[in-house]
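Only one structure is covered here, and it is reproduced in the block below.
In what follows, residues are counted from 1 in the order of the sequence shown.
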Amino acid sequence: MKRLVPLALAAAVAISPNAALAWGGTGHRVVGRAAAQALPSELPGFLQSKTAIEAIGELSREPDRSKGAGKIHDSDRDAAHFVDIHDDGTVLGGPAFLPMPATRAEYETQLAAHKLDTAKAGYLHFAIVDRWQQLSSDFAYWRVLSAAEKNPRWKKNRAWFKADRLRREALILATIGDLSHFVGDGAQPLHTSTHFNGWGDYPNPQGFTTARIHSPFESAMVRATADPKTVAAKMTPFRSCGCAIEQRAVDYLLATNRQVVPLYELEKAGGLAQGDPRGPAFATERMAVGASELRDLIVEAWNASATRSIGWRPVAVQDVLSGKVDPYPSLYSVD
């Protein structure tokens, strides 16, 4: 079998996706920056700055960089990076992947009925939805704070509105970084499959490799060959699915899962061998898919934020934007 990378790199290959760093730091940075650079002008101006774009690229790596913080931290978060969809449409041979349960608690109950849990099966679809919902909320706060800061009738609290807006901008960058990471994971076929690191102990009529191909594909090869400009050039136009975020997340992961067999076919044909251009081309295409989806989700979160309510007690974003309600009591929590 042709070697994918030098022996020194191959020896470091992880056994399971929750031990691997999808795309590695290089790929995640490329996905985050490409998406940030492609954001339309109608989004908040601070996101268009060079500083923000660079921050999103770096923060896209954070869910991997935080690994090793401690047993409780890692055991809760490691499985957010993958979901093991099997060839029969189940999660790890247990419950059906579709429809997506309404909560992680319901998902855990379904898995438990098959003597499984999220640590084994993964919950990437929930991680994507969670971070998108947080981003939509973050954007809603930003809308309200920006409007309140500009309203002359509320100038006595203008300094606080401005300070809190700046705090919210920092939070938005961090939330986008997390979302970028999980969307990036979701573009990597091996993070959506039971065949996550070699075909495994399953029927294998096509004779696909059982070698550990996960890290050599997503980390070593990408680090050596990734071209951010090519990734950006392959991004697709904005697409709004007109559906709930839960539906969009599972559709995205299923589309990626359909690339599992093509990836193994590519490996079998020698396309992942060192120096073969087909492997880098496949990885570039997948990173472009991830960057496109991330850009779209950020735009969708911004659009959805206009109809939210925030603070305590909650105030509607539109009531603040219209000048109808002073948001200070709700935002400062004068309760």
Do side-chain atoms of [X] reach the backbone of [Y] as a donor and acceptor pair under 3.5 angstrom?
X      : Y      : result
Asp138 : Arg168 : no
Trp199 : Pro203 : yes
Ser292 : Thr236 : yes
Thr192 : Pro189 : yes
Trp23  : Gly184 : yes
Thr103 : Glu106 : yes
Asn197 : His214 : yes
Arg153 : Gly323 : yes
Ser333 : Pro329 : no
Ser193 : Phe196 : no

When rounded to the nearest 0.5 angstrom, what distance separates [atom1] in [X] from [atom2] in [Y]?
X      : Y      : atom1 : atom2 : answer
Cys243 : Asp251 : SG    : CG    : 6.0 Å
Asp164 : Leu331 : CG    : CG    : 6.5 Å
Glu62  : Leu59  : CD    : CG    : 6.5 Å
Asp296 : Tyr252 : CG    : OH    : 10.0 Å
Leu92  : His86  : CG    : NE2   : 8.5 Å
Arg77  : Ser66  : CZ    : OG    : 6.0 Å

Could you tell me which non-hydrogen atom of [X] sits nearest to which non-hydrogen atom of [Y], and how far apart they are?
X      : Y      : result
Ser136 : Arg308 : OG-CD, 3.2 Å
Ala226 : Thr26  : CB-CG2, 4.1 Å
Ala119 : Ala79  : CA-CB, 4.0 Å
Val315 : Ser330 : CG1-OG, 3.3 Å
Ala269 : Arg278 : O-NH2, 3.1 Å
Asp178 : Pro63  : OD1-CG, 3.6 Å

Using a 4.5 Å cut-off on heavy atoms from C-beta on, say whether the side chain of [Y] contacts that of [X].
X      : Y      : answer
Ser305 : Arg143 : yes
Trp132 : Val183 : no
Ile128 : Leu297 : yes
Phe217 : Leu272 : yes
Leu145 : Glu149 : no
Ile172 : Ile176 : yes
Thr209 : Lys268 : no
Tyr123 : Arg104 : yes

**Message:** Taking side-chain contact (heavy atoms from CB on, under 4.5 Å) as the criterion, tell me which of Val260, Leu254, Thr256, Val261 meets it with Arg258.
**Reply:**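 It is Leu254; the other options fail the test.
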Same cluster or not: are [X] and [Y] linked, directly or through other Ile, Leu, Val, Met, Phe, Trp or Tyr residues, by side-chain heavy atoms under 4.5 angstrom apart?
X      : Y      : result
Ile53  : Leu294 : no
Tyr141 : Trp312 : no
Leu39  : Phe238 : yes
Val30  : Met235 : no
Val320 : Tyr332 : yes

Is [X] salt-bridged to [Y], going by a charged N under 4.0 Å from an acidic O?
X      : Y      : result
Arg61  : Asp64  : no
Asp74  : Lys67  : no
Lys229 : Asp227 : no

**Message:** Within a 6.0 Å radius of atom NZ on Lys150, are there more than 12 heavy atoms belonging to other residues, nucleotides or ligands?
**Reply:**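 12 or below, so no.
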**Message:** For the CG atom on Asp88, are there more than 12 heavy atoms of other groups (residues, nucleotides or ligands in this structure) within a distance under 6.0 Å?
**Reply:** yes
**Request:** List the steps and the verdict of side chain to side chain contact (heavy atoms under 4.5 Å, CB included) for Gln274 and Met221.
**Result:** CA-CA 8 Å; Gln274 194 171 16; Met221 186 182 68; over 6 Å; no
**Prompt:** Given the rule in the side chain to side chain contact (heavy atoms under 4.5 Å, CB included) test, do Asp84 and Phe82 qualify, once you have shown the distances and angles that lead to the verdict?
**Reply:** CA-CA 7 Å; Asp84 285 350; Phe82 68 96; 3.5 Å; yes
**Residue pair Gln318 / Thr307, side-chain donor-acceptor N/O under 3.5 Å** = no
**Asked** Is there a side chain to side chain contact (heavy atoms under 4.5 Å, CB included) between Val231 and Val31 once you walk through the steps?
**Response** CA-CA 8 Å; Val231 171; Val31 168; 5.8 Å; no
Ring-ring centroid check [X] [Y], cutoff 6.0 Å:
X      : Y      : value
His195 : Phe208 : no
Tyr107 : His125 : yes
Trp160 : Tyr328 : yes
Phe182 : His81  : yes

**Request:** Take Ile213 and Tyr264, measure what side chain to side chain contact (heavy atoms under 4.5 Å, CB included) needs, and give me the verdict at the end.
**Result:** CA-CA 9 Å; Ile213 68 170; Tyr264 276 93; 3.7 Å; yes
**Request:** Give the intermediate values and the outcome of salt bridge (charged side-chain N to carboxylate O under 4.0 Å, His left out) for residues Arg33 and Glu58.
**Result:** CA-CA 8 Å; Arg33 285 186 179 178; Glu58 297 309 309; 3.3 Å; yes
**Request:** With side-chain hydrogen bond (donor to acceptor under 3.5 Å, both in side chains) as the test, would you mind laying out the steps for Gln48 and Ser41 before giving the verdict?
**Result:** CA-CA 8 Å; Gln48 319 292 329; Ser41 58; over 6 Å; no
**Prompt:** Of the options Glu218, Gln259, Arg286, which is the one that meets Gln188 in a side-chain hydrogen bond (donor to acceptor under 3.5 Å, both in side chains)?
**Reply:**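 Exactly one pass, corresponding to Glu218.
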